[in-house]
Amino acid sequence: MINIAVLGYGTIGSGVVEIVDRNQTILQKKTRQSVEVKYILDIREFPGTSIESKLVHDFQTIVNDPDVQVIVETMGGLEPAYTYAKESLLAGKAYVTSNKELVAKYGAKLLALAKSQNTNFLFEASVGGGIPVIHPLNRCLTGDEILEISGILNGTTNYILTQMTEEGWSFEDALKDAQEKGYAEFHPEADIEGHDARRKIAILGSLAVGRQIDFEDVYTEGITKITAADISYAEAMDCKIKLLGTYKNTKEGQYAMVAPKLVPLTQPLSGVSGVFNSIFVKGDMVGDVMFYGPGAGKLPTASAVIGDVVDAIKHLDRYIGTIWEEDKLVLQSLDSFEQKVFVRMKDSVDKSKVKEAFGDVEEITTQKVTGEYAFLTGVMKEKEMSAKLSAFPELISFIRMA
Ligand code: HSE
């Protein structure tokens with residue numbers, strides 16, 4: 001029999017306990033063992049519930065119990081999760097986590113520790129909720145150099161943008177609904193300011209390149225400045241606005257950014273709606289592959305955790321491994337990143353000056369917005385774009401094209 005412990009009985013932790021209970025027969029078939037949740041660690045009490053007898057408040061009870069082989073952490077945050085991860089691995093126990101803060105910051109360190117202890121540190125649920133993407137990058141796309149990863153990596157912001165586009169909801173109503181459904185982070189700034197997606201693209205990029213991409217180095221913009229007018233212009237351009245995390249591996253080096261982008265309806269990422277996430281990966285041999293599924297939520301995320309638990313059970317005392325090492329990667333400055341840009345200016349702007357600065361631009365109009373001059377530029381470097389835009393006091397806003 002395999003005993004697991006679950007640290008944190010919140011949305012995902014309770015989902016993990018539920019899956020172990022509901023899919024016990026399947027887990028037994030896949031691991032050839034019966035899998036039991038022996039302990040649940042939480043600071044709260046749950047009197048009169050089915051988990052009462054498993055509840056503990058002291059992590060030492062878990063880490064010192066030789067019968068616990070796999071520890072699952074779904075608490076989030078850096079501490080005490082980092083301390084628990086180190087102590088668990090040092091005790092030779094496999095550690096499975098959905099905690100992207102922990103993985104983005106200490107993933108490479110904890111992988112090295114797991115390797116030295118002949119055990120595993122697994123984190124499929126940290127990116128893309130229920131979508132298998134970490135395993136494919138580590139195990140399947142290993143014959144390729146990864147040239148690009150581009151994805152909708154945050155369910156809450158995708159839900160908000162979808163509701164604003166399809167239902168005409170306000171930003172605030174859509175956020176409140178996402179919080180009620182359990183998608184949003186405890187501090188929703190992490191979602192709407194793009195910090196959650198920033199950690200996720202740093203994790204994916206690090207796994208692709210095999211070096212540490214510090215999430216703090218990833219240029220990041222959230223969706224708080226996106227308005228109903230932007231959404232109308234997007235419609236006029238046959239585009240959807242999506243918060244994209246992008247990693248690009250070029251001859252000059254690697255770029256990474258998170259920003260709202262206009263995604264043409266001809267690109268599959270434009271069709272990813274609601275809480276769904278999707279990750280596009282370009283390999284030098286395989287070409288383009290895409291992963292799609294629920295990016296947040298109790299059972300989808302718990303399903304990814306359980307996948308790792310099964311993997312951990314199948315590889316007790318054998319490190320599975322990734323190429324991600326602690327050596328820091330210095331990202332390329334975005335200055336030379338090339339893209340088209342959609343620009344909104346006050347109608348009072350001198351159009352001949354716009355032409356002088358940006359060349360021939362495509363004017364964009366929508367019946368829903370008046371008093372503006374909006375246009376799409378040709379492909380230009382980020383540095384050139386910023387310099388030119390800053391010369392126009394009439395500038396209202398801009399959005400990059402995917
Ligand atoms: N708040 C995150 C999201 C949860 O909305 O995607 C899953 O990481």
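Order of listing sets the numbers, starting from 1, for every ligand and every atom in it. One is the number of the first residue; the rest follow in order along the sequence.
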| field | Distance-only side-chain donor-acceptor flag, Asn3 / Glu36, under 3.5 Å | value |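 No donor-acceptor contact under 3.5 Å links the two side chains.
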Has [X] got a side-chain atom pairing as donor or acceptor with [Y]'s backbone, closer than 3.5 angstrom?
X	Y	answer
Thr246	Ser150	no
Asp144	Met285	yes
Ser278	Phe291	yes

| request: Give the ring-plane orientation class for Tyr292 versus Phe276, where under 30° counts as parallel, over 60° as perpendicular and anything between as tilted. | output: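 Judged by the thresholds at 30° and 60°, the geometry between Tyr292 and Phe276 is parallel.
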| said: Going by the rule side chain to side chain donor-acceptor pair (under 3.5 Å), which residues pair with Asp360 if we only count those two or more places apart in sequence or in a different chain? | reply: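 For Asp360, the residues satisfying side chain to side chain donor-acceptor pair (under 3.5 Å) (neighbours in sequence not counted) are Lys355.
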| query | Using a threshold of 4.0 angstrom between heavy atoms of the protein and any atom of ligand 1, which residues qualify? | reply |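 For ligand 1, the contacting residues are Lys100, Asn154, Gly155, Thr156, Tyr183, Ala184, Glu185, Asp191, Asp196, Lys200, Gly295, Ala296.
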